[in-house]
Amino acid sequence: MAAPVSFLVLRACILGLFHVEATPDTLSSLDSSFCHGGLEVIYPELDVDHCLIIPKGREVREKVSTVWKAPQIYFSGAHKKKMYVLVMVDPDVPSRTNPTSAYWRHWLVVDIQGDALKKGQIQGTTLTDYHPPTPPQKSGFHRYQFMLFEQLPDAPVSLTGREKSSRGKWDLQDFITRFDLGEPVATLQFLTQNYKD
């Protein structure tokens, strides 16, 4: 009897009949498919090189929100003579079920030198200073998304006065279109929630 049950489970997995939703330990297929390109985000005790949920437990979630500064960014696929734009956003503000203030801009660096990026360094112009992930209590999991774009040569990237005045409700797509950034060359995200939850 065990063999037919195993066969049915295997067959269901192959046919894609099982759809795994995000639980505290697993990512949904949508969340895990966001990451591509080989971007790496390195905090002192957390190396993010694929989509993940920061493990339950107050210590790491608290450090990423209150202790650690801007992470090191490493992209082995960077071209030495090109420049890049790094965007870090939270699309789940104030919550994933009610993202009325999305996108919230956590970090924006332009003119990043490709040769430095290959070495895990950010040498560029910071347009928005790094702000750590700080999901509000009882707001559930938030996605913190890193997107790396290739910057066109001799095309300065800047923020409008309105964009400078607020990090929230940022029109990311307008920004991408305005500077002809196209599709990101690499993306990465992690999910976390308030460390007190």
Side-chain angles (χ1 to χ4, degrees), residues 27-43 46-52 54 64 68-93 96 99 101-135 142-192:
L27 290 171
S28 71
S29 57
L30 181 63
D31 286 335
S32 61
S33 69
F34 179 83
C35 298
H36 78 278
L39 190 62
E40 196 170 346
V41 174
I42 305 166
Y43 289 98
L46 178 68
D47 187 346
V48 184
D49 61 359
H50 63 281
C51 287
L52 60 80
I54 291 186
V64 81
W68 296 333
K69 305 298 180 207
Q72 183 180 1
I73 304 295
Y74 174 72
F75 181 53
S76 64
H79 295 278
K80 290 182 178 182
K81 295 185 178 183
K82 292 189 176 180
M83 291 195 308
Y84 295 86
V85 174
L86 177 73
V87 173
M88 177 189 177
V89 292
D90 177 355
D92 304 320
V93 179
R96 193 162 183 175
S101 292
Y103 283 86
W104 205 87
R105 194 173 62 252
H106 276 263
W107 196 18
L108 177 60
V109 186
V110 302
D111 305 327
I112 300 170
Q113 303 299 316
D115 56 347
L117 197 53
K118 281 183 85 69
K119 299 173 189 170
Q121 302 166 353
I122 292 269
Q123 291 179 356
T125 304
T126 301
L127 297 184
T128 302
D129 289 331
Y130 177 78
H131 188 277
T134 51
H142 287 236
R143 293 167 291 171
Y144 292 92
Q145 299 178 332
F146 296 80
M147 292 171 247
L148 188 68
F149 298 90
E150 196 174 294
Q151 187 174 332
L152 294 177
D154 303 317
V157 177
S158 61
L159 292 173
T160 65
R162 184 170 182 260
E163 287 173 319
K164 289 177 187 176
S165 69
S166 174
R167 291 177 182 243
K169 295 186 178 181
W170 186 41
D171 190 339
L172 176 58
Q173 191 54 55
D174 177 69
F175 177 80
I176 292 168
T177 303
R178 199 164 69 232
F179 297 105
D180 199 19
L181 297 177
E183 293 294 318
V185 294
T187 56
L188 189 67
Q189 75 175 348
F190 62 79
L191 281 69
T192 191

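When a residue number appears, it is its place in the shown sequence, counting from 1. Reckoned from all heavy atoms, side chains included, excluding hydrogens, waters and symmetry mates.
Between Tyr74 atom OH and Leu39 atom CG the span is 11.0 Å, to the nearest 0.5 Å. Here the straight-line distance linking atom CE of Met88 with atom CE of Met147 works out to 10.5 Å at 0.5 Å rounding. Going from atom CG of Leu188 over to atom OH of Tyr144 covers 14.5 Å, rounded to the nearest 0.5 Å. For the atom pair Asp115 CG and Met83 CE, the distance stands at 11.5 Å (nearest 0.5 Å). Note that the CG atom of Leu117 and the CD1 atom of Ile112 stand 6.0 Å from one another [nearest 0.5 Å]. Considering NE2 of His106 and CD of Gln145, their distance stands at 10.5 Å, rounded to 0.5 Å.
In this structure, Lys169 places its NZ atom where only 12 or fewer heavy-atom neighbours from other residues, nucleotides or ligands lie under 6.0 Å away.
The backbone N or O of Asp49 lies less than 3.5 Å from no partner atom in the side chain of Glu40, so there is not a single donor-acceptor pair. With hydrogens and angles ignored, the 3.5 Å screen pairs no side-chain donor or acceptor of Tyr43 with any backbone N or O of Val48. At least one donor-acceptor pair closer than 3.5 Å links the side chain of Arg167 to the backbone N or O of Arg105. Of the possible donor and acceptor atoms, one in the side chain of Gln72 sits under 3.5 Å from a partner among the backbone N and O of Gly120. With hydrogens and angles disregarded, a donor-acceptor distance shorter than 3.5 Å links the side chain of Asp92 to the backbone of Arg143.
Of all non-hydrogen atoms in Pro99 and Pro91, the two that sit nearest each other are CB-O, 3.4 Å. Summarising the geometry of Gly114 relative to Tyr84, their closest heavy-atom pair is CA-CE1, 3.8 Å, with the distance given to 0.1 Å. In terms of heavy atoms, Ala186 sits closest to Phe75 at CB-CE1, 3.7 Å.
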Evaluate the criterion ring pair (Phe, Tyr, Trp, His ring centres under 6.0 Å) for residue pair His131 and Trp104; output intermediate values, then yes/no. CA-CA 10 Å; His131 188 277; Trp104 205 87; 5.1 Å; yes

Derivation of the side chain to side chain contact (heavy atoms under 4.5 Å, CB included) call for Val87 and Trp170: CA-CA 12 Å; Val87 173; Trp170 186 41; 3.7 Å; yes

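Among residues two or more places apart in sequence or in another chain, the ring pair (Phe, Tyr, Trp, His ring centres under 6.0 Å) test is passed with Tyr130 by Trp107. Qualifying side chain to side chain donor-acceptor pair (under 3.5 Å) partners for Thr134, counting only residues two or more places apart in sequence or in other chains: none.
Using a 4.5 Å heavy-atom cutoff, the side chains of Asp31 and Cys51 are not in contact. Within the 4.5 Å cutoff, no side-chain heavy atoms of Gln189 are placed close to those of Thr187. Considering only heavy atoms from C-beta on, Pro133 stays 4.5 Å or farther from Asp90 through its side chain.
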Considering only distance and modelled atom types, tabulate donor-acceptor pairs under 3.5 Å from the side chains of residues 175-183, sequence neighbours left out.
unit_1, atom_1, unit_2, atom_2, d
Thr177, OG1, Gln173, O, 2.9
Thr177, OG1, Gln173, NE2, 3.4
Arg178, NH1, Asp174, OD2, 2.7
Arg178, NH2, Glu163, OE1, 2.7
Arg178, NH2, Glu163, OE2, 3.3

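Partner of Val109 under the side-chain contact (heavy atoms from CB on, under 4.5 Å) criterion, out of Val157, Ile122, Ile73: Ile122 alone.
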